[in-house]
Each structure stands twice: as C-alpha cells, then as structure tokens.
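What follows is one structure encoded as structure tokens, with my remarks underneath.
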Amino acid sequence: MRNYDFKAIEEKWQRVWEENRAFKVERDPARKKYYLLEMFPYPSGRIHMGHVRNYAIGDALARFKRMQGYNVLHPLGWDAFGMPAENAAIKNRSHPATWTFENIHAMRKQIKRLGFSYDWDREIATCRPEYYRWNQWCFLRFMEKGLVYRKNATVNWCEACQTVLANEQVVDDRCWRCDGEVLQKEQEGWFLKITAYADRLLDGLTTLAEGWPEQVLTMQRNWIGKSLGAEVDFKVDGQACEALRVFTTRPDTLYGATFMVLAPEHPMTVKLSRGTPQEADVDRFLSQVARQDKKTRTSETTEKEGVFTGAHAINPLTGKDIPVWTANFVLMDYGTGAIMSVPAHDQRDHDFAQKYHLPIVQVIEPPPGQTLEPGRAFAGDGTMIDSGPFTGLIGEAGRKRIIEHLEVKKIGQAAINYRLRDWGVSRQRYWGTPIPVVHCPACGIVPVPDEELPIQLPLDAHLGDKGRSPLVELPDFLNTPCPSCAGPGRRETDTLDTFVCSSWYFDRFTSPRNEEKLFARSDVDYWMPVDQYIGGIEHAILHLLYSRFFHQVFRDLDLIDSPEPFAHLLTQGMVVKDGAKMSKSKGNVVDPDEIINAYGADTARLFILFAAPPVKDLEWSDHGVEGCSRFLKRVWRIFNEFLDDIRAARPPEPGEPLARELAELRRRTHITIKRVTDDIQTRMQFNTAIAAIMELINQLYTLRDGWSELKNQSGAAGAVLEALETTITLLCPFAPHIAAEMAELLGHKEGASWPAYDEALLQADELLIVIQVNGKVRQKITVNANITEQDLKARSLEDPKIAELVESKAIKKVIVVPKKLVNIVAQ
RNA sequence: GCCGAAGUGGCGGAAUUGGUAGACGCGCAUGAUUCAGGAUCAUGUGCCGGUAACGGCGUGGAGGUUCAAAUCCUCUCUUCGGCACCA
C-alpha cells in the first residue's frame with residue numbers, strides 16, 4: 001500500500017485544478033447562482049492563520065454549494081492601496097507598487113498551496129488603474145448627486161511622523177508607528193454625505209435580520225444612532241439677537257429646563273458674554289477647553305466643567321429667566337451645539353446643576369413602582385407634573401403634544417438627529433486613488449470629465465514623512481488645464497481613503513475585466529447580492545456600513561437591483577494561542593507555511609475547521625493538528641485496505657437484505673450524510689460535520705477484523721464501497737486533495753455531486769430505551785423499534801431491576817417519550 | 001456605567017425541539033505488534049467510594065418551574081468583546 005504522500009497528492013491536484021481552470025465560472029441565467037465571498041486581504045506580505053481560517057470556511061461552503069449544483073462565484077482579490085505599503089517603501093527606499101506586487105505574488109503562492117477553489121481569472125488588485133479609475137468614476141457620480149463636499153475637520157496628527165493618521169491608526173492616543181503623541185488638527189478635506197442615507201441604512205438592517213448576526217446589526221444601529229425629538233428656540237433675555245436653538249429628545253421635560261448650556265465652540269458663547277462681567281471667565285474657560293484633546297473631552301469620566309456666560313434666556317413654556325452657561329460636555333457637532341438642561345431628569349444635567357448650585361425642578365412623576373433616588377435624576381418616562389396645560393400627560397403622548405404646541409407657536413418642531421457623521425475620505429498620502437477634480441482659480445472646483453479617467457497615480461513620486469501628499473511636488477501631475485475654462489488649474493493632491501476601494505469590489509468581481517463600465521448590469525444583477533459573506537467582526541461597522549452606503553447610492557444611480565449587498569454574513573472568531581491573539585510581540589505566531597510543510601494543506605484546513613465552530617475563537621493546538629493528520633492517514637489506510645475488494649462492487653440496492661453489521665454500516669453511512677449536510681447547510685458548524693465523518697470511519701475500522709469472512713457475504717463489498725465513497729464525497733469541502741485522489745483511485749472523474757440520504761435507512765430496527773425512576777436513569781433496555789407505548793410501559797415495569805426499585809412504592813405516573821425514555825414516578 | 005456574547009472533564013469542544021450530560025478529537029492508562037523507540041491497532045478514561053455489581057455527586061454559584069433542566073424563569077459571580085457625556 002502506498003503511504004499517504006500529502007505533498008505529492010496536493011501538488012498534483014493543485015496543478016490539475018490550475019490547468020483545467022476548474023473553478024472558473026460564467027454568468028448562466030439557466031442555473032441557480034451562489035456568490036460566496038471572503039473579505040479580500042490587504043497584501044501585507046504573508047498570510048496568517050486568520051486568513052487560513054477565513055478562506056477555509058469559505059472554501060468549504062463554496063465546494064459544498066458547487067457539489068449541490070449551484071453556479072458558484074468564489075473570487076479573490078487584493079485590497080492593495082494603503083499606508084503600510086508607503087511606510088515600508090519609505091523604510092526600504094523602494095516603491096509602494098514594488099512592495100505591494102511582491103507581497104501579492106508571495107501571498108498568492110501561499111494561498112494556492114492551500115488548494116482553495118477560487119476563480120483566479122477574476123483576481124483584482126485595487127491599486128491597478130483598471131480598478132481605481134472606477135473609484136474615480138464613482139466619486140464623480142457621487143459629486144453629481146450632491147453627495148460630496150469639502151469642509152474643515154478635526155484629524156489625528158502625529159507630530160513626529162508629520163502626517164495624518166486614520167482613527168484606527170491611533171492606539172491609546174499614540175501613533176501606532178512611532179508611539180508619538182497624536183494631536184487634533186483642523187484640516188480641509190473631502191467628505192461623502194453618508195448621513196443623507198442614515199435612514200435607509202437603518203431601515204435596511206431590518207431586512208438583514210435573518211442573515212446577519214444580531215451583534216453586528218446592533219452595532220450598526222448604535223453607530224447610526226437615530227434620536228427622535230424636537231428643536232426648540234429659546235429667546236435671549238433683553239437682547240435682540242437670534243434665539244438659541246436646542247435639540248432635545250425629551251420635550252416633555254421642557255417645564256423643568258432651569259438653565260441652558262452652549263458648546264464652547266458655539267458662536268453665541270463668546271457673543272453673549274461680551275459686555276458682561278463674565279467676559280474674562282468665559283475666555284479663560286474657552287482656552288482651557290481648547291487645550292483638551294477630543295478623546296478626553298468626550299470621555300464620560302471627564303469632570304463636567306463650565307462657566308456662566310453672563311446672559312439669560314427665557315424658557316418658552318414657563319416664561320422664566322434661565323441662565324445660559326457654556327460647558328465642556330456639550331459638543332458642537334451633535335444636534336445644534338446647545339442644550340436645555342433639565343437637571344431633575346438627566347443625570348449629566350443633574351451632576352452639573354449640583355456642582356454649580358443651579359435649580360433642580362421635578363416635572364416628571366415616576367410611574368408606580370419606581371421611585372426618585374436622592375442624588376439621581378429620573379430619566380425614565382412618567383407623568384408630567386407642574387407642566388401647565390400638559391400636566392397629567394404620560395411619556396410619548398406628552399412629547400407629541402408639546403411638539404404640536406411648539407409648532408403652532410412657531411418656536412420649535414419635531415426633529416431627528418443622528419450620531420452618524422459624514423465620511424471623511426481625504427488622505428494626504430500617496431498610495432491611494434487620486435481624487436479626480438481640478439482646482440481652478442476662475443471656476444473653483446471642477447470635476448475631471450469621464451473621458452480623462454483614470455487620473456493615473458504617477459509612479460515617480462518622492463516619498464517621505466512630509467505631512468502632505470508627495471503629489472504636490474510633481475509639477476507634471478499638479479499642473480493641468482481647467483477642464484471647464486482651459487485656464488491653468490491645479491489637480492487635487494489628496495487621495496481617497498482605501499475603504500472606498502473595498503466598498504464596491506464585490507460588484508467588480510462580477511465583471512472584473514470590463515473596460516467600459518465599473519460592471520455590466522447583466523453580470524451584477526445575476527450575481528449580486530453576495531449570498532454568503534465571511535470575515536472578521538472588526539469590520540462590523542466601517543467596511544460593512546460603507547459598502548451598504550455605496551450599494552444604496554448605486555441603486556439610486558440605477559446601476560444595480562439588489563436591495564442589500566450581503567444577504568448573509570458570517571463573522572468568524574479569532575485564532576488564538578495560549579489564550580491570546582497571535583502576534584509577533586507575544587511570540588505566539590504559528591506560520592501557515594510551516595504547518596503545510598509538516599502536515600499538508602488538507603490537515604491544516606481540517607484542523608482549523610474541526611477545532612471550533614466558525615463564529616467562536618479558535619485555540620490553536622499542535623496536538624490537535626496531529627490528531628487531524630492522524631485522521632486523514634486513517635482514512636487513507638482503511639480506504640487502501642478495502643480498495644481491491646470493493647473496486648468492482650456496486651452500492652447496495654434500496655431494501656437489499658444485509659448482514660447485521662453491514663446493515664448497521666449502511667445506516668451509519670446515511671446518518672452521516674444527513675448530519676454532515678445539516679451541519680454545513682443550516683448550522684454552519686463544520687466541527688460536528690467532521691466529527692460525524694470520523695465516526696463513520698471508526699465504524700469501518702470495526703469491520704476490519706472479521707472482514708475476511710464477511711467480504712464473501714452478499715452486498716458486503718457494496719456496503720463498504722458506499723461507506724467509503726460517501727466519506728470521500730463528504731470530505732471534499734474540508735480536505736479536497738485527498739478526496740480527489742481517492743475518488744480517482746476508485747475510478748471516478750472529478751465533480752461528484754453531493755450525496756442524498758435514504759430516509760428509510762436512517763431508522764434502526766432496535767432502539768435503546770432509557771428507564772428512569774423519579775427522573776434518575778436506572779436501566780437501559782433494547783426494544784423493537786415498532787413497540788407500542790403500552791408494551792414499552794409494560795416492559796419497563798417488568799424489568800427486574802426496575803421492579804425491585806419500585807417494589808415498596810406506589811406508582812403515581814408513568815411518562816413515556818416514544819423512542820427515547822420511560823420515566824416512572826413512584827413514592 | 002450601558003449593551004452583547006460566553007462560562008460544561010486534565011484540554012479543544014458536543015448535546016439540533018426540555019428527555020441517556022460529556023459525541024468527536026487531544027491527553028492519559030493498559031494490552032497487541034516491535035530488539036527498542038516511533039508509528040499502528042485494540043480497550044479503557046467526568047469526579048468520589050467500591051475488586052466488582054453498584055451507589056453518590058456533577059454543566060460558574062444560589063433559588064425556582066417541571067415527571068424530567070446544560071437547555072426555561074429570578075437573583076448573583078466571573079471572563080471576553082463593543083459602545084461610552086450624543087442632549
């Protein structure tokens with residue numbers, strides 16, 4: 001018998017698949033499609049176990065669906081723009097493109113060694129002009145729709161590196177690269193108006209309830225942060241200036257508003273204090289707040305501090321004068337930058353009122369059962385008290401009536417606020433998509449015409465930590481005639497956030513080589529949405545929200561039909577070792593290449609699917625890997641031992657009489673088909689699917705001892721053949737190389753379809769019944785499967801051991817659970 | 001602080017509808033094979049007591065519902081993740 005030579009087998013089949021373009025797919029409206037996608041990788045240099053897990057899960061599903069007859073789109077590409085390439089290039093005095101393409105080459109090689117069933121003809125890299133020209137095209141369409149604008153915004157700035165950092169590159173207020181201090185800085189840049197789609201992004205989540213993890217839906221919902229409430233105008237006492245407008249979610253507490261607070265940045269803060277004795281205090285306070293960085297400023301634990309502005313406003317309902325303060329906890333970029341403070345019914349206002357001795361007036365009576373706690377605000381719904389004509393109204397009804405009143409009086413109206421902010425896409429970096437606009441002294445900002453796309457990223461830039469895009473120093477790039485007036489213009493030098501690339505790459509996979517359009521309508525409408533998307537939870541908001549946003553805009557541009565881009569989402573758990581995420585600094589990294597070299601790709605894949613269900617964290621175990629390697633050798637050995645005896649056999653006919661152990665094998669075979677099918681299809685639990693296959697193999701091993709006699713029995717070879725063929729087929733999604741090799745040894749061509757089980761064969765002739773006395777297991781008996789409930793009850797009571805146990809007791813009740821157990825209640 | 005997920009043998013994990021807790025794998029033990037080791041095959045393996053038959057205990061903890069609870073309810077502890085002054 002040949003040994004299990006995984007190296008030869010894996011190289012052979014990978015070559016076969018490559019040469020045959022085995023996983024190439026085409027749009028075929030006659031066939032049912034299935035689009036399976038894993039989040040595409042950033043070409044960082046080498047793959048890690050997280051990648052292996054991601055793609056092993058995806059490939060198992062892709063192969064499974066393919067075997068079920070679906071037309072499966074399963075592509076891979078590269079999220080190839082981004083800062084690491086630029087930083088590495090600066091460090092190594094090379095070019096980001098060189099670094100990126102070398103990494104892609106190395107990682108593609110590693111991934112191919114794992115034997116994943118990708119349609120490699122569809123491979124894309126977002127840093128190629130053929131791809132990023134469509135980023136630019138999208139940007140222009142967004143512009144036309146009024147979804148693009150420029151504004152000043154606060155950005156993370158690393159002094160040491162002289163560059164802007166993305167939020168995720170700031171770790172505990174320090175630069176991830178040099179550990180230097182990160183400051184907040186105002187900088188002008190481009191924004192996409194994702195807030196215009198807030199409601200649609202929120203509403204769409206309800207349609208995803210079936211296919212997405214609850215956790216991700218909740219995170220997106222919270223991130224969008226929709227608040228219903230009202231805007232209310234407060235007149236400033238004794239001054240003719242405009243009223244102060246506040247946003248509140250609790251208009252029913254308006255009678256309890258005893259002071260107002262403006263954000264320090266609010267334009268009225270300074271204005272109101274001028275000419276009052278508070279002028280100096282306000283100025284001192286504002287400069288103090290300006291020194292606080294954003295993170296500390298917005299932390300809940302930061303002490304609430306404020307000063308009186310010197311001005312008073314009038315509570316529009318009570319008509320009373322209330323002081324106007326300014327304080328650090330009120331933010332300019334949420335609501336109107338001003339609040340009405342109701343210290344009795346908002347904890348923050350309460351803390352602030354107590355600190356500065358401001359009046360606290362209760363206007364809500366807690367519902368029965370709830371009481372006011374001393375020192376705490378009551379923030380729940382309740383009955384309005386001391387609220388003039390509104391007294392007695394409860395919760396939502398009160399809010400509604402107050403809003404109606406405000407609208408009639410024209411001093412306010414219903415309003416909605418979102419926590420979601422517009423998406424800043426400007427990067428002062430080189431290695432990204434050039435933003436396709438020209439700044440013209442005469443015409444202003446002028447979009448580049450479509451015919452001029454792509455605006456190519458020049459390759460001769462001099463990189464360095466200069467804090468601005470190196471494109472500024474390239475006159476050939478920078479200077480360009482204005483597309484509108486042909487006068488001297490200046491190209492935009494900011495590049496696009498790389499999240500733009502990943503917001504629609506899944507659409508591009510449907511027409512990856514299309515040169516006329518970003519994708520062909522027929523392709524995208526056939527393949528989209530992605531039926532199953534798989535990736536890490538770290539993208540729960542960012543990438544998954546941006547992509548949903550792009551998809552909605554594409555719908556509005558009439559580019560695409562499907563309502564959402566990803567129908568089902570699986571967020572896989574981390575790969576950990578010794579309880580911690582694998583990382584270089586912890587020294588607990590396991591290199592996929594080493595595992596493949598030592599055990600082969602099939603073992604690596606099998607272990608990573610067997611060790612834990614996909615959604616949970618996976619604890620890496622070298623012993624566990626050996627166990628999986630041992631299992632594949634065990635499969636190989638038993639297969640080869642039986643091979644000569646079964647090669648010429650045919651699987652048993654339905655109902656064909658078989659010897660006891662052979663009938664048992666058949667039953668096990670069909671149970672295994674059912675379990676593995678359910679585990680993959682409806683439960684996405686590969687660990688139990690693999691365990692079921694292991695049980696079938698264990699069953700085959702029990703036949704080995706008596707095989708020399710058994711094999712001459714009618715149907716013996718057929719039953720074993722059926723069991724082994726089934727094992728091979730069921731193993732395909734997890735360990736495709738060894739499965740292909742064994743199928744070939746049996747004389748089968750590739751492309752087996754997923755087996756069906758015979759319902760009739762799942763039933764055993766005899767059942768093991770548990771007998772309990774007062775809920776405790778006391779006996780186990782084997783009975784005929786067709787036994788009646790009456791007979792089963794009688795058999796249980798007759799059992800000598802049970803009879804003895806209940807002898808001196810009165811039998812109160814006998815519960816029979818068909819095919820499972822009998823419980824005798826006796827006292 | 002708020003929200004979410006989880007807690008089961010020495011370890012990873014299983015138990016799909018409330019119905020035999022611990023499938024499968026690792027580890028460990030014993031035996032076979034072998035000069036030996038390794039590999040392989042077989043058997044056993046939750047804990048405590050007992051040679052055994054068997055009995056008791058057992059799914060983070062405390063209560064409860066039920067003939068029956070890892071699973072349902074109440075309270076509580078721990079761990080991990082997310083959000084965190086959003087008016």
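If you're wondering where the values come from, they're calculated on a predicted model, not measured in any experiment. Just so you know, these numbers use all the heavy atoms, side chains as well, and skip hydrogens, waters and symmetry mates. Here is how names work: the chains are called A, B, and so on, in the same order as the sequence lines, proteins then strands, and each is numbered from 1.
- Taking atom C1' in both A52(B) and C35(B), the straight-line distance is 39 Å, to the nearest Å.
- When the P atom is compared between A15(B) and G25(B), the two are found 16 Å apart, to the nearest whole Å.
- Only the C1' atoms considered, G22(B) is 11 Å distant from G58(B), to the nearest whole Å.
- Put simply, the side chain of Lys813(A) and the base of C67(B) share no donor and acceptor less than 3.5 Å apart.
- Applying the 4.0 Å criterion to OP1 and OP2 of G19(B), one finds that Lys776(A) has every side-chain N and O outside that range.
- Residues Met49(A) and Val590(A) approach most closely at CG-O, 3.6 Å, considering heavy atoms.
- If you take CZ of Arg675(A) and P of A14(B), they are 13 Å apart, rounded to a whole angstrom.
- For the P atom pair drawn from A32(B) and G38(B), the interatomic distance equals 15 Å after rounding to whole Å.
- Here the closest heavy-atom approach between residue Gln220(A) and residue Trp212(A) is recorded as NE2-CZ3, 4.0 Å.
- Among the nucleotides U16(B), G27(B), G12(B), the one closest to any side-chain atom of Arg683(A) is U16(B).
- Look at Asn698(A) and you'll find a side-chain N or O under 4.0 angstrom from OP1 or OP2 of G25(B).
- No contact: Ser621(A) has no heavy atom under 4.0 Å from any strand.
- Of all nucleotides listed (G25(B), U20(B), C26(B)), C26(B) comes nearest to the side chain of His623(A).
- Comparing A87(B), C85(B), G55(B) against the side chain of Lys304(A) picks out C85(B) as the nearest.
- Side chains of Asn417(A) and Ser227(A): no donor on one and acceptor on the other come within 3.5 Å.
- Between Leu703(A) atom CG and C41(B) atom P there is a gap of 15 Å when expressed in whole angstrom units.
- Surrounding NZ of Lys400(A) are at most 12 heavy atoms belonging to other residues, nucleotides or ligands under 6.0 Å away.
- In this structure C28(B) sits in a base pair with G44(B), meeting the Watson-Crick or G-U test at under 3.5 Å.
- The side chain of Gln772(A) has G19(B) as its nearest neighbour among G13(B), G19(B), C41(B).
- Residue contacts shown for Arg778(A) are limited to sugar-phosphate atoms, with no base heavy atom under 4.0 Å away.
- As judged by a 4.0 angstrom heavy-atom cut-off over every strand, Gly335(A) is placed among residues making no nucleic acid contact.
- Taking only side-chain nitrogens and oxygens, Lys819(A) never comes nearer than 4.0 Å to OP1 or OP2 of U20(B).
- In this entry A70(B) has no Watson-Crick or G-U wobble partner, no candidate having both defining distances under 3.5 Å.
- When heavy atoms are screened at a 4.0 angstrom cut-off, Val817(A) is found touching base atoms of the nucleic acid.
- In the set C83(B), A87(B), G19(B), C83(B) carries the atom at the smallest distance from any side-chain atom of Arg419(A).
- With a cut-off of 3.5 Å on both Watson-Crick or G-U wobble distances, the partner of C80(B) is given as G4(B).
- Taking the C1' atom of each, G31(B) and C24(B) are spaced 24 Å apart, rounded to whole Å.
- Contact annotation: Asn687(A) side-chain N/O to A14(B) OP1/OP2 distance is under 4.0 Å.
- Across all strands shown, A87(B) remains unpaired; no Watson-Crick or G-U wobble contact has both distances below 3.5 Å.
- Within the 4.0 angstrom heavy-atom criterion, base atoms lie near Asn823(A).
- Within the 4.0 Å cut-off from OP1 or OP2 of A15(B), at least one side-chain nitrogen or oxygen of Gln685(A) is found.
- Between the CD atom of Glu695(A) and the C1' atom of G22(B) there is a distance of 13 Å, given to the nearest Å.
- Using a 4.0 Å heavy-atom cutoff across all strands shown, Lys226(A) reaches no nucleic acid atom at all.
- Of all heavy-atom pairs spanning Asp679(A) and Ala689(A), the tightest one is OD2-N, 3.2 Å.
- Atom P of U78(B) sits at a distance of 28 Å from the matching atom of A69(B), rounded to the whole Å.
- Out of A87(B), C3(B), A14(B), the shortest distance to the side chain of Pro613(A) is found at A14(B).
- Set against A87(B), C41(B), U20(B), the side chain of Lys780(A) has U20(B) as its closest nucleotide.
- Of the side-chain N and O atoms in Thr688(A), none sit less than 4.0 angstrom from OP1 or OP2 of C24(B).
- Using a 4.0 Å cut-off, no side-chain N or O of Arg637(A) falls inside it from OP1 or OP2 of A39(B).
- Note on Asp617(A): only backbone sugar-phosphate atoms sit closer than 4.0 angstrom, heavy atoms only; bases stay farther off.
- Of the candidate nucleotides C41(B), G19(B), G12(B), C41(B) has the atom nearest to the side chain of Arg634(A).
- The C1' atoms of U8(B) and G61(B) are separated by 14 Å, rounded to the nearest whole Å.
- U17(B): no Watson-Crick or G-U partner with both key distances under 3.5 Å is found in any strand.
- Side chains of Arg419(A) and Asn222(A): a donor-acceptor N/O pair is absent below 3.5 angstrom, by distance only.
- Nearest nucleotide to the Thr249(A) side chain, out of C54(B), A87(B), C85(B): A87(B).
- Glycosidic conformation at G9(B) (O4'-C1'-N9-C4 for purines, O4'-C1'-N1-C2 for pyrimidines): syn, within 90° of 0.
- Between the side chains of Asp199(A) and Tyr418(A), a donor-acceptor pair is found at a separation under 3.5 Å.
- Put simply, NE2 on His350(A) is 19 Å from P on G1(B), counting in whole angstrom units.
- Heavy-atom nearest nucleotides on RNA chain B were determined for Tyr334(A) and for Met219(A), and the one closer to the 5' end corresponds to Met219(A).
- Side-chain nitrogen and oxygen atoms of Tyr701(A) include at least one within less than 4.0 Å of the OP1 or OP2 phosphate oxygen of C41(B).
- Checking C54(B) for Watson-Crick or G-U wobble geometry (two distances, each under 3.5 Å) identifies G49(B) as its partner.
- Remark: the separation of the P atoms in G1(B) and C73(B) is 25 Å, to the nearest Å.
- The two residues Ile194(A) and Arg421(A) have their closest heavy-atom pair at CG2-O, 3.3 Å.
- Nearest nucleotide to the side chain of Gln215(A), out of A87(B), C67(B), G81(B): G81(B).
- Among the protein residues, Val330(A) comes within range of the nucleic acid bases, having at least one heavy atom under 4.0 Å from a base atom.
- Heavy-atom minimum distance, Ile769(A) versus Lys819(A): CD1-C, 3.6 Å.
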